[in-house]
There are 2 protein chains.
Amino acid sequence: MAHRSSSSSSRHVADTSLEVLAAVFTVRPGGTPHTGTPPGLHVLLWQRAQEPDLGRWALPGGIVLPSEDVDASASRQLAEKVDLTRVSHLEQIGVFSAPDRVPGVRTVATGFLGLVPLITQGDHDPQIPADTAWHPVDRLPEMAFDHRVITERAHQRLQAKLSYTNLAFALAPASFTVAELRRIYTCALGHDVDPTNLQRILTRRGMLEATGTTAPPGPSGGRPAAMYRFTLREYRVTDPFAAFRPR
Amino acid sequence: MAHRSSSSSSRHVADTSLEVLAAVFTVRPGGTPHTGTPPGLHVLLWQRAQEPDLGRWALPGGIVLPSEDVDASASRQLAEKVDLTRVSHLEQIGVFSAPDRVPGVRTVATGFLGLVPLITQGDHDPQIPADTAWHPVDRLPEMAFDHRVITERAHQRLQAKLSYTNLAFALAPASFTVAELRRIYTCALGHDVDPTNLQRILTRRGMLEATGTTAPPGPSGGRPAAMYRFTLREYRVTDPFAAFRPR
DNA sequence: CCAAAAGTGTTCTCGTTACACCCATGT
DNA sequence: ACATGGGTGTAACGAGAACACTTTTGG
């Protein structure tokens, strides 16, 4: 067994443990004044109560069990922090394996990108543990170990995939107006998006359909906005070819 | 240490080992008649000489050492199979962690996509070990464990990145004609590519520049082809926006 | 002078952007 | 009525695909 002989001495095994770490993003609605939550894209973090890196903020996750693969492990461990039915997308973003990335036993992490839909006023703000909070991605706190790098990589992946896949469904509620959808894209991408074209592009790609209902207008009047939904609520690549289409 | 307590009993540790596996691709030139090597995209595989999966073909790789991260490990282990200076690109494609993916000790693999430039008649066919061979990707042999899945994922990643990055540099020799470059794209993508537009697109993106020299024409005459090189021989995303450009 | 291969120029099409204009509702 | 926001139409632009045409070599 040539390619495995190097670790055959299973005593004094230089034990490595395998963990998963998930950067779970959501778009928070415009700042409710009293809470002071700023609008924009947020990440779920929990604050460490022990050394090392006491007080710093960490990504949710933990050790992979012998009976599960890393994807199942990420799902399971997120269930402790946030309602699993709300996690609408979860995907690997890479392995973080620098030998000294955490002190103590060598621990290799598989990073994940997770997405949770925008909370609309209809449903209740889902409960998260006391040591856990949503943080705006443009003002991340002091983070534990290499978790900041993992968070940034996940954010980059999200931005890239928003333009050529239907991944936005995972950040959007079941139904929404074009203005709400625009806010989701704007927050996640970090730059403005034209609502006119957004609707047309997504409609042409067959991603969007009208529900038939309308949302009530705001306090200052205005035409009521039509509600839309995504035709498909599972991940799909919608525009795979930047160049060199098959002929 | 809440999120790590589950593995704190470091005796009877359900030991997991971490391996790297690299799907290394190259484009082989048109079939030299006596060897019978078919043209197209090929993967480097070695044939197992022990159980389990004796006789099946496996991806090169091996166990990650405590002192190295997975990327360094993949580089190191490839050096045993193929000259490292020829491996022009190496990137993670994902974690393969099904509990039963290999018999025996639980082994989690990090899959890699590797690329080696096309062999031109100038340089000598680099030596590879006796149990190792290049296999065409469209006719893969019986493969060990889950290595076929890893190979296919790597191939998909290669195809996707060829259209919106400069990744082709890693498959191309130092200088080449547009016709040779077209063959590289055709083989890697699996569909035909118009040489006219290929040159213009890559030129407009600033990826291509003429060397000034020309290649001698073939035996049946014809205009001598100009030689080109890639302006940049390191990975870069050239066309990141499929839609929703910043304004 | 003809065949073969490489390179250039032109048109067509399609998707995205930008922006003006029309529509529906509350006050 | 009119202000306020939502939705539609249309022109401009850019990138890629398709294809005819010119250029340069060997026989």
Side-chain angles (χ1 to χ4, degrees), chain A residues 30 162-166 168 175-186 189 191-229 237-247, chain B residues 30 162-166 168 175-186 189 191-229 237-247:
Chain A
L162 274 179
S163 65
Y164 65 92
T165 71
N166 69 342
S175 69
F176 45 84
T177 67
V178 173
E180 288 167 353
L181 186 61
R182 176 199 184 194
R183 266 190 50 74
I184 291 170
Y185 273 91
T186 300
L189 290 175
H191 65 79
D192 202 11
V193 170
D194 187 318
T196 303
N197 300 324
L198 179 63
Q199 188 208 18
R200 254 193 304 233
I201 291 169
L202 301 188
T203 303
R204 171 149 28 83
R205 290 182 180 173
M207 288 167 59
L208 223 54
E209 64 187 7
T211 64
T213 60
T214 57
S220 54
R223 177 174 172 173
M227 302 291 286
Y228 294 87
R229 72 171 81 89
V237 175
T238 55
D239 189 15
F241 301 109
F244 310 129
R245 288 173 173 73
R247 300 200 278 188
Chain B
L162 274 179
S163 66
Y164 64 92
T165 72
N166 69 343
S175 69
F176 45 83
T177 68
V178 172
E180 287 167 353
L181 187 60
R182 176 199 185 192
R183 264 192 51 74
I184 291 170
Y185 272 90
T186 301
L189 290 174
H191 65 79
D192 203 11
V193 170
D194 187 318
T196 301
N197 300 325
L198 179 63
Q199 190 210 17
R200 252 192 304 233
I201 292 168
L202 300 189
T203 302
R204 187 184 15 227
R205 290 182 178 173
M207 290 167 59
L208 224 53
E209 63 187 7
T211 64
T213 59
T214 58
S220 55
R223 176 174 173 174
M227 302 291 287
Y228 293 87
R229 74 171 81 88
V237 175
T238 56
D239 189 16
F241 301 109
F244 309 129
R245 289 173 174 72
R247 300 201 276 191

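This is a predicted model, so every value here is computed, not measured. A, B, ... follow the sequence lines: proteins, then strands. Residue 1 opens every chain.
If you check dC19(D), dG6(D), dG7(C) against the side chain of Ala179(A), the one that comes closest is dG6(D). In the set dG16(D), dG7(C), dT25(D), dG7(C) carries the atom at the smallest distance from any side-chain atom of Ala226(B). Side chain of Ala225(B), nearest nucleotide from dT16(C), dG9(C), dG7(C): dG7(C). Among the nucleotides dG9(C), dG26(D), dC19(C), the one closest to any side-chain atom of Pro217(B) is dG26(D).
To the nearest angstrom, C1' of dG15(C) lies 5 Å from CZ of Arg204(A). As a whole-Å value, the separation of Asp194(B) CG from dC12(C) P is 18 Å. Summarising the geometry, the separation between CG on Leu208(B) and C1' on dT8(C) is reported as 16 Å, rounded to the nearest angstrom. Between His191(A) atom NE2 and dT16(C) atom P there is a gap of 14 Å when expressed in whole angstrom units. As a whole-Å value, the separation of Asn197(B) CG from dT13(C) C1' is 13 Å. The interatomic distance linking Leu198(B) (CG) with dG7(C) (C1') rounds to 13 Å, in whole Å. Protein atom OH of Tyr185(B) is 12 Å distant from nucleotide atom P of dA17(D), rounded to whole Å. The nearest whole Å value for the distance from the CD atom in Glu180(A) to the C1' atom in dG5(D) is 14 Å.
At least one side-chain heavy atom of Ile201(A) sits under 4.5 Å from a side-chain heavy atom of Phe244(B). Within the 4.5 Å cutoff, side-chain heavy atoms of Arg205(B) are placed close to those of Asp239(B).
Regarding contacts with the backbone of dG16(D), a side-chain N or O of Arg205(B) is found under 4.0 angstrom from either OP1 or OP2. Proximity of Arg223(B) to the phosphate of dG26(D): no side-chain N or O atom is located under 4.0 Å from OP1 or OP2. Phosphate contact (OP1/OP2 of dT8(C), side-chain N/O of Gln199(B), threshold under 4.0 Å): present.
Within the nucleic acid shown, Arg245(B) comes within 4.0 Å of sugar-phosphate atoms alone, with no base atom in reach, counting heavy atoms only. If you check every strand for non-hydrogen atoms under 4.0 Å, Arg182(B) touches nothing. Thr177(A) comes within contact range of no nucleotide atom at all, as no heavy-atom separation falls under 4.0 Å.
Where Tyr228(B) and Pro246(B) each meet DNA chain C at their nearest nucleotide, the meeting point lying more 5' is that of Tyr228(B). Nucleotides of DNA chain C nearest to Phe244(B) and Thr196(B) differ in position, and the one nearer the 5' end is that of Thr196(B).
Side-chain N/O atoms of Arg200(B) and base N/O atoms of dG9(C) include a donor-acceptor pair closer than 3.5 Å.
Annotation: the span from Thr238(B) atom OG1 to Leu202(B) atom CG amounts to 8.0 Å, rounded to 0.5 Å. Considering CD of Gln199(B) and CZ of Arg182(B), their distance stands at 13.0 Å, rounded to 0.5 Å.
In terms of heavy-atom proximity, Ala210(B) sits nearest to Arg229(B) at O-NH1, 4.3 Å.
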Does the side chain to side chain contact (heavy atoms under 4.5 Å, CB included) test come out yes or no for Thr211(A) and Phe176(A), once each step is laid out?
-> CA-CA 9 Å; Thr211(A) 64; Phe176(A) 45 84; over 6 Å; no
